[in-house]
Amino acid sequence: MSGKGSVLRLDVDNVFQDRIGETHGLPRGEVANLKRRIKLCNRDIEGRRGKDVGFMELPYDEALAARVKEKAGQLRGWCKNFVVLGIGGSALGNIATHGALNHCFHNLLPAEHPARNGAPRIFVLDNVDPALLGDFFDVVGDELEETAFNVITKSGSTAETMSQFLHVRDRLRSRGGDPARQIIATTDPRPEKSLLRRIAQEDGYWTLPIPDNVGGRFSVLSAVGLLSAAVGGIDIDELLAGAAAMDARCRAQTTDENPAALYAAILYLFYRRGKPITVLMPYSARLQRLGDWYCQLWAESLGKRDGLEAEDVFVGPTPVASVGVTDQHSVMQLYQDGKFDKVLTLVEVEEPAGPGGGPPICEGQAEAELAYLAAHTFGALFGAELTATRCALTDKQRPNMTIRLPRVGPRQMGELFMFFEYAVSYSGCLYGVNTFDQPGVELGKQYTYGLMGREGYEPPAGA
Ligand code: PA5
């Protein structure tokens, strides 16, 4: 359990009383009081590993990675657009991965640009808003036959995804496309569990599995996230290697060695002290969409009515996604001067533009009043803004942690995904809830089925 090669560092100094004062800080010893409970949580998570909980095993599925890479190579040979049809856990990991690891304007670059390297344009359609679908088909235009659709749904029946699937299949059939070549189905491998699996067998689609013990929001490192990553040119071996390195660290039993357990413990302690809002604020445009993935992971895993004995507990921290520097000119006012109900997690990328700090702000003449900017790189300005925010928060007694990464690459993304998935698992254990179910989401699905007239389902009373 060495965690060799792991580069993520978690700095928690600014949550303690000696940094932010007695009223809002934690006593240094308080985390240690959770030692026994963390150990029990560790035992619980380890005991379920590879049984009913499988996210931590995903980095080691070499056969799947090989299959995905082979298929991605074939797809890159003919497809100009690669489209994910999915929602929630079947979409947000894909969005976060592409946002982080592909060029910020990937779809706008010419395909032969070195930063795109022949990869297709990537789209993730995670809404059934007719405006979105209409606009999407405007963009695809006459490239429909050169477009691959990856339908992703673990249950194989989610109304949003299946309606998109029906529409796409229909369009392909009626406009000379070839559904069997252009549709890839990622779903539960058991036909008796997944309608999409049964359809895929009948229609002859190429398929990928989602393991039974990996829930949607924990599935980014499964086939759910890997295929679109590989098609987009992302090194999935590195992604998985980073996740494996973090897995090793998060198996440790103590908060000194295990960053996910430490993170979970701190947020839990603050929750109990009246700070139920947890803000993730990467200083990185590339990591902006990681925030949406994080919010889903946190909210669906921890926002629960039932405790482990099915008693009413109504718990759950409220996750919020922010991004630096953009939000310094928006919600930061609230974070600094509003209610003392938040804990911030900043993400610092030490070399956001690679070594050297990116382009200089200005190499030519600048006005005297702007000379203080002109002399620097954008990297230096970005770093200064992060430091300014951290100091301002600390001065104002706002608990804040910093996750440090040398850069945003596939290895670091693998680490981040695994870190947060473990952290939410430790959190669920501390809150005493089932981290891995989502009864609220399921109820919404059932009501939708009922309202749309699906056999066996009732619309909600009063609809
Ligand atoms: O995390 C979850 O379990 C959910 O958000 C699901 O991913 C989401 O509801 C979509 O479900 P499915 O993949 O079955 O279509």
Side-chain angles (χ1 to χ4, degrees), residues 52-56 58 83-97 124-129 149-169 183-200 205 207-228 289-304 306 316 319 321 417-418 420-425 427-428 433-450 452 454 457:
D52 67 323
V53 182
F55 72 84
M56 61 286 263
L58 294 174
V83 189
V84 170
L85 305 179
I87 195 161
S90 296
L92 291 167
N94 288 287
I95 296 171
T97 304
V124 181
L125 302 184
D126 63 346
N127 204 325
V128 287
D129 182 341
F149 294 90
N150 186 190
V151 188
I152 307 180
T153 163
K154 182 175 176 190
S155 62
S157 61
T158 301
E160 293 88 342
T161 308
M162 294 310 277
S163 60
Q164 291 176 332
F165 158 71
L166 285 176
H167 183 79
V168 162
R169 183 179 62 177
I183 294 178
I184 295 147
T186 304
T187 187
D188 191 300
R190 297 163 297 180
E192 69 280 12
K193 290 271 176 186
S194 164
L195 171 61
L196 179 63
R197 174 69 54 177
R198 296 198 291 279
I199 296 172
Y205 306 144
T207 60
L208 281 168
I210 307 177
D212 188 33
N213 61 3
V214 176
R217 57 193 175 276
F218 292 87
S219 68
V220 59
L221 299 169
S222 75
V224 169
L226 292 183
L227 183 63
S228 81
R289 300 305 301 272
L290 180 74
D292 297 332
W293 174 85
Y294 168 85
C295 284
Q296 191 219 7
L297 182 72
W298 234 246
E300 277 192 8
S301 303
L302 304 178
K304 297 286 157 73
D306 288 348
F417 285 136
M418 190 57 80
F420 285 121
E421 287 174 8
Y422 262 109
V424 87
S425 305
S427 302
V433 297
N434 181 351
T435 315
F436 304 103
D437 69 359
Q438 55 286 323
V441 180
E442 302 306 334
L443 183 62
K445 286 186 183 183
Q446 283 163 24
Y447 281 170
T448 303
Y449 295 148
M452 295 298 285
R454 183 173 176 185
Y457 293 86

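Counting starts at 1 for both ligands and their atoms, following the listed order.
Looking at atom 10 (C) of ligand 1, its nearest protein heavy atom turns out to be Ile87 O, 3.3 Å.
In this structure, Asp188 and Arg197 have side chains that are not in contact, with every pair of non-hydrogen atoms separated by 4.5 Å or more.
With hydrogens and angles ignored, the 3.5 Å screen pairs a side-chain donor or acceptor of Lys154 with a backbone N or O of Val214. Proximity of a side-chain donor or acceptor of Asn94 to a complementary backbone N or O of Val224 within less than 3.5 Å is detected. No donor-acceptor pair under 3.5 Å is formed between the side chain of Glu160 and the backbone N or O of Leu85.
The aromatic ring centres of Phe149 and Phe165 sit 6.0 Å or more apart.
Atoms of ligand 1 lying under 4.0 Å from at least one heavy atom of Thr158, given by number and element, are 11 (O), 12 (P), 14 (O), 15 (O). Per-residue contacts place Gly89 under 4.0 angstrom from the following atoms of ligand 1 (heavy atoms of the residue considered): 5 (O), 6 (C), 7 (O). Contact atoms of ligand 1 toward Thr153: 12 (P), 13 (O), 14 (O), 15 (O) (distance under 4.0 Å to a heavy atom of the residue).
In this comparison of Met162, Arg217, Gln296, the heavy atom closest to atom 5 (O) of ligand 1 sits on Gln296. Between Glu300, Lys154, Glu160, it is Glu300 that holds the heavy atom closest to atom 4 (C) of ligand 1.
With a heavy-atom cut-off of 4.0 Å, Val441 touches ligand 1 through its side chain alone.
Residues Ser90 and Thr153 approach most closely at OG-CA, 4.0 Å, considering heavy atoms.
Polar contact with ligand 1: absent for Ile152 (N/O pair, distance under 3.5 Å).
For Lys445, the heavy-atom gap to ligand 1 drops under 4.0 angstrom. Not close to ligand 1: Gly215, with no non-hydrogen atom less than 4.0 angstrom away.
Aromatic ring pairs are classed by plane angle as parallel below 30°, tilted from 30° to 60° and perpendicular above 60°; the pair Phe218 and Phe436 is tilted.
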